[in-house]
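Worth knowing before you read on, the calculation uses all heavy atoms, side chains too, and leaves out hydrogens, waters and symmetry mates. What you see is a predicted model; the values in this text were computed from it and never measured.
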Amino acid sequence: LLLTLAAFLGGAVGVERLAIDRLLHEDAVATGQAWTAVLADTTTDLAAIAAGRPPSQETRKCRARGKTGVRVFLYKIYDASGVPRFVSDDLPEEADDEEGLAAHNPEAAEAIAAGTPTAEVKAGEPPSRPAFYAETYIPAFDARGRIVAVVESYVDQTGKRAQFQSVFVAATSALAALIILAFGVPAAAWYFRKRAQERAEADLKFLAAYDPLSGLANRATLVEGLMAALADAPVHGRSLAVHCIDIDRFKDINDSLGLESADMLLRLIADRLIALAGPRDVVARLSADQFVVVQADIGERSEADAFARKAAEEAAQPLTVNGAEIAVTVGIGTAIAPEHGRDAERLLKSAMLALAKGKEDGRGQIRSFSTD
């Protein structure tokens, strides 16, 4: 869409330049023709000058009389064969002023030979020439339709060019605005719709894999991560532990604090477990107050015991919830692979049985699974 928009805008600018050049050309021809008509009307000896006779005093004054409101700042008169016969004295003559028309401008000579006016817009260097001017070549005819002279008029196009540019810049700006609206509004609508769709898809994927309250893995993601850890542990000759963690008396806490504060408490506990877990560990929330940590890549059982104690200590640190300081305890049940289970579901069940045993014995208890 952006490339298409850029192409349209570039095309509009190109059309603007072509239109300005065309208008300047037509304006130069029209101005040259009008000036030549005035010159022919006010110069009785135009044909004589073209025939090679010196201009009369009246001819030398004709430009001064017609100067007001006219943009011709220099003109030359050639005879029908293109030989220069007269140059106005408005500007100093240049090196090519005495050249014949065929040498001075071959294309103009061909056009004039066919009786067709022509013009060429050029950039000048002030003060000898205006910033933009046009050289027009207009044939003058006698009563029988024969070319008796060719008048080369130098027309100041600086003002006209600025005028045309201002008009076309305004038109191009309006066109650009329309193009931007035509492309931009649907593009913006498509973009925001696409972004909304992507966010919705991302939210659905997140909800399918993670707990929306804590941001931790849900049961499906936990089982997937646990299976991957079980498959990877024998390769490295290591083991893993599953820790089920439950907040003691959470129902009483929820009733006393209220739903919003209880949710904040759960998020704080989740943050502490994430900070405690290793880079390959999996932290999940299975129910309202129950968390699971898969401690991957352990070498000895003592590492699992140490992690469980550390998790209990961290959870027991005072928490600030909505300005109030709260202390909680957690129960933890631990199962170690492969002795307490060789698959994800068996390990989770073993860890939960150990947790249930600890809950029977009181608050803040840590238990490891045993067959009894």
Are [X] and [Y] in one and the same hydrophobic cluster, where Ile, Leu, Val, Met, Phe, Trp and Tyr link if side-chain heavy atoms are under 4.5 Å apart?
{"X": "Val292", "Y": "Ile336", "answer": "no"}
{"X": "Leu276", "Y": "Val328", "answer": "yes"}
{"X": "Val283", "Y": "Val223", "answer": "no"}
{"X": "Leu273", "Y": "Val321", "answer": "yes"}

Check [X] against [Y] and note the closest heavy-atom contact, atom names and distance.
{"X": "Thr334", "Y": "Ala308", "answer": "OG1-CB, 4.1 Å"}
{"X": "Val330", "Y": "Ala315", "answer": "CG1-CB, 3.7 Å"}
{"X": "Gly124", "Y": "Pro126", "answer": "O-CD, 3.6 Å"}
{"X": "Asn218", "Y": "Leu207", "answer": "ND2-O, 3.8 Å"}
{"X": "Gly341", "Y": "Arg346", "answer": "CA-CG, 3.5 Å"}
{"X": "Ala209", "Y": "Thr221", "answer": "O-OG1, 2.5 Å"}

Does atom [atom1] of [X] have more than 12 heavy-atom neighbours from other groups under 6.0 Å away?
{"X": "Glu339", "atom1": "CD", "result": "yes"}
{"X": "Glu198", "atom1": "CD", "result": "yes"}
{"X": "Lys359", "atom1": "NZ", "result": "yes"}
{"X": "Tyr191", "atom1": "OH", "result": "no"}
{"X": "Gln317", "atom1": "CD", "result": "yes"}

Between the side chains of [X] and [Y], does any donor sit under 3.5 Å from an acceptor?
{"X": "Gln197", "Y": "Arg199", "answer": "no"}
{"X": "Asp305", "Y": "Ser302", "answer": "no"}
{"X": "Tyr154", "Y": "Lys76", "answer": "yes"}

Would you say that [X] contacts [Y] through its side chain, given a criterion of any heavy-atom pair below 4.5 Å between the two side chains?
{"X": "Leu216", "Y": "Phe291", "result": "yes"}
{"X": "Phe369", "Y": "Leu353", "result": "yes"}
{"X": "Met264", "Y": "Asn322", "result": "yes"}
{"X": "Val150", "Y": "Ile77", "result": "no"}
{"X": "Arg267", "Y": "Leu213", "result": "yes"}
{"X": "Ile269", "Y": "Leu319", "result": "yes"}
{"X": "Phe132", "Y": "Lys122", "result": "no"}
{"X": "Val242", "Y": "Leu348", "result": "yes"}

Step-by-step side-chain contact (heavy atoms from CB on, under 4.5 Å) determination, Ile366 to Arg309: CA-CA 7 Å; Ile366 300 175; Arg309 288 194 300 271; 4.1 Å; yes
Report yes or no: does [X] contribute a side-chain atom to a donor-acceptor pair with the main-chain N or O of [Y] at less than 3.5 Å?
{"X": "Thr329", "Y": "Asp248", "value": "no"}
{"X": "Thr158", "Y": "Pro130", "value": "no"}
{"X": "Gln365", "Y": "Arg363", "value": "yes"}
{"X": "Asp79", "Y": "Pro84", "value": "no"}
{"X": "Arg272", "Y": "Glu314", "value": "yes"}
{"X": "Asp281", "Y": "Gly278", "value": "yes"}
{"X": "Ser261", "Y": "Gly258", "value": "no"}

[X] [atom1] to [Y] [atom2] distance, which is reported to the nearest 0.5 Å:
{"X": "Asp263", "Y": "Leu268", "atom1": "CG", "atom2": "CG", "answer": "11.0 Å"}
{"X": "Met227", "Y": "Asp343", "atom1": "CE", "atom2": "CG", "answer": "8.5 Å"}
{"X": "Lys349", "Y": "Cys244", "atom1": "NZ", "atom2": "SG", "answer": "13.0 Å"}
{"X": "Ser368", "Y": "His340", "atom1": "OG", "atom2": "NE2", "answer": "7.0 Å"}
{"X": "Leu266", "Y": "Gln290", "atom1": "CG", "atom2": "CD", "answer": "12.0 Å"}
{"X": "Ile326", "Y": "Ile253", "atom1": "CD1", "atom2": "CD1", "answer": "7.5 Å"}

Between [X] and [Y], is there a side-chain N and carboxylate O pair less than 4.0 Å apart?
{"X": "Asp255", "Y": "Lys251", "answer": "yes"}
{"X": "Lys310", "Y": "Glu303", "answer": "no"}
{"X": "Arg22", "Y": "Glu26", "answer": "yes"}
{"X": "Arg238", "Y": "Asp232", "answer": "no"}
{"X": "Arg129", "Y": "Asp156", "answer": "no"}
{"X": "Arg285", "Y": "Asp211", "answer": "yes"}
{"X": "Asp252", "Y": "Arg249", "answer": "yes"}

Verdict with reasoning, Leu226 to Val282, per side-chain contact (heavy atoms from CB on, under 4.5 Å): CA-CA 8 Å; Leu226 181 53; Val282 179; over 6 Å; no
Test side-chain contact (heavy atoms from CB on, under 4.5 Å) applied to Val294 and His243, step by step: CA-CA 6 Å; Val294 177; His243 305 277; over 6 Å; no
side-chain contact (heavy atoms from CB on, under 4.5 Å) between Ile332 and Arg367, intermediate numbers included: CA-CA 6 Å; Ile332 301 178; Arg367 293 289 183 269; over 6 Å; no
